[in-house]
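Step one of this worksheet: look at the structure below.
Just so we're on the same page: letters track the sequence lines, and every chain starts at 1.
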There are 2 protein chains.
Amino acid sequence: MRRRSEMLTDVELEFMVALWEIGKGSVRDVMAAVTGETKRAYTSVATVLKILEDKGYARSERQDRSLIYSPVVQRADYEGRSLKNLSDSLFGGTPTALVARLVDNEDLTDEMIQEIKEIIDTRIRKDDG
Amino acid sequence: MRRRSEMLTDVELEFMVALWEIGKGSVRDVMAAVTGETKRAYTSVATVLKILEDKGYARSERQDRSLIYSPVVQRADYEGRSLKNLSDSLFGGTPTALVARLVDNEDLTDEMIQEIKEIIDTRIRKDDG
DNA sequence: ATTCATGTACTAAAACCGTAGTAGATATAT
DNA sequence: ATATATCTACTACGGTTTTAGTACATGAAT
């Protein structure tokens, strides 16, 4: 009795990212915009797009014979939802723990760290008014 | 021909978190340590623990009649792996975009932001020497 | 009009996920 | 020794996920 998750599966996310990138497009457009290396049949893409529509992540409108898909859920929304999900499931619901682990990564360059610092500082300044 | 993902599923993660918390324990111990609200049968927990062992996330040793499970993968490792996964799949592989979205969240309190800032600053100081 | 190309809808198959029952082994209690 | 409790191993079931084939409609080309 599994219930379909409100989060996207790997392939759904891959296609949704493509859809966010192009803004809107046909099955063929989305298929072309997917950056992953695994080839998929046209009908596979069509099926997943329909699933995305069923899940409420996208909608479609007919144009000539084709369906033109466009996102319903904003990418920023989903990004936030994903972070909340990860934070809750693995970091005890504390985003600070998440950041701590992130900057713990040695692969992060000095530039990246500096950039992150600026993001935080900017946010703090914004709070102050 | 899907290949089982190297990432954990929701329930696997829930149990693995419990195992990380207690360090090691029997099926019953893990079951007791799970914080989620959904009740699960003893055998369900046992099955998932075995899957975790199959996936290489945990190992078991016999003690009397019971199996005592313990983590193989460190929590910090998995946390990092999860962040990389999320960053790659949704944030174009740029952790800075991830942080930007994180601090974009209005639910974050000033204290949290400040704490995050300190984490970053500490990391920068450590880099300097 | 017949053929060809293209598009969606339907269907399916194989693996996976989540859950848990059943079987069988074994220790404990009476 | 027999009953009871507990534990693991095996199995199964219903739904999801991923992939794609087939059927059918429709517009374009000859």
Could you state the atom-to-atom distance from CD of A/Glu61 to C1' of C/dG7 in whole Å? 16 Å

Check the phosphate of C/dT19 against B/Tyr42, side-chain N and O only, distance under 4.0 Å to OP1 or OP2. Yes or no? no

For B/Glu6, does its backbone N or O pair with a side-chain atom of B/Tyr57 as donor and acceptor, under 3.5 Å? yes

Below the 4.0 Å mark, does D/dT16 have OP1 or OP2 next to a side-chain nitrogen or oxygen of A/Thr9? no

Is B/Thr43 close enough to C/dA20 that one of its side-chain N or O atoms is under 4.0 Å from OP1 or OP2 there? no

Between B/Asp104 (side chain) and B/Arg101 (backbone), is there a donor-acceptor pair under 3.5 Å? no

With a 4.0 Å limit, can you tell me whether B/Arg65 has a side-chain N or O closer than that to the phosphate oxygens OP1/OP2 of D/dT8? no

Which whole-number value in Å describes the distance from A/Ile51 CD1 to C/dT8 P? 15 Å

Output for pair (A/Ser60 OG, A/Lys24 NZ), nearest 0.5 Å, gives 11.0 Å

Atom CG of A/Asp64 to atom C1' of C/dT8: distance rounded to whole Å? 14 Å

Send over the distance from B/Arg62 CZ to D/dT8 C1', rounded to a whole Å. 6 Å

Name the nucleic acid region contacted by B/Thr47, choosing base, sugar-phosphate or nothing; use a 4.0 angstrom heavy-atom cut-off, strictly under. base

To the nearest Å, give me how far apart NZ (B/Lys39) and P (C/dT19) are. 14 Å

Reckon B/Asp10 touches a base, only the sugar-phosphate, or nothing at all at heavy-atom distances under 4.0 Å? sugar-phosphate

Could you tell me the separation between the CE atom of B/Met31 and the P atom of C/dT19, rounded to a whole number of Å? 13 Å

In whole angstrom, give the distance that lies between atom CG of A/Leu52 and atom P of D/dT16. 15 Å

Of all the nucleotides listed (D/dA20, C/dA9, D/dT18), which has the minimum atom distance to the side chain of A/Val11? D/dT18

If you compare every side-chain N and O of A/Ser44 against the phosphate oxygens of D/dT19 (OP1, OP2), does one of them come in below 4.0 Å? no

With a 4.0 Å cutoff (strictly under), does any side-chain N or O of B/Arg40 reach OP1 or OP2 of C/dT19? yes

Distance check: side-chain N/O of A/Lys50 vs OP1/OP2 of C/dA9, anything under 4.0 Å? yes

Mind checking if B/Ala46 touches a base, just sugar-phosphate, or nothing, with heavy atoms under 4.0 Å? nothing

Would you say B/Asn105's side chain and B/Asp107's backbone share a donor-acceptor pair under 3.5 angstrom? yes

Does the B/Ser89 side chain pair with the main chain of B/Asn85, one donor and one acceptor, at a distance under 3.5 Å? yes

Rounded to whole Å, CG of B/Leu49 lies from P of C/dT19 at a distance of 13 Å

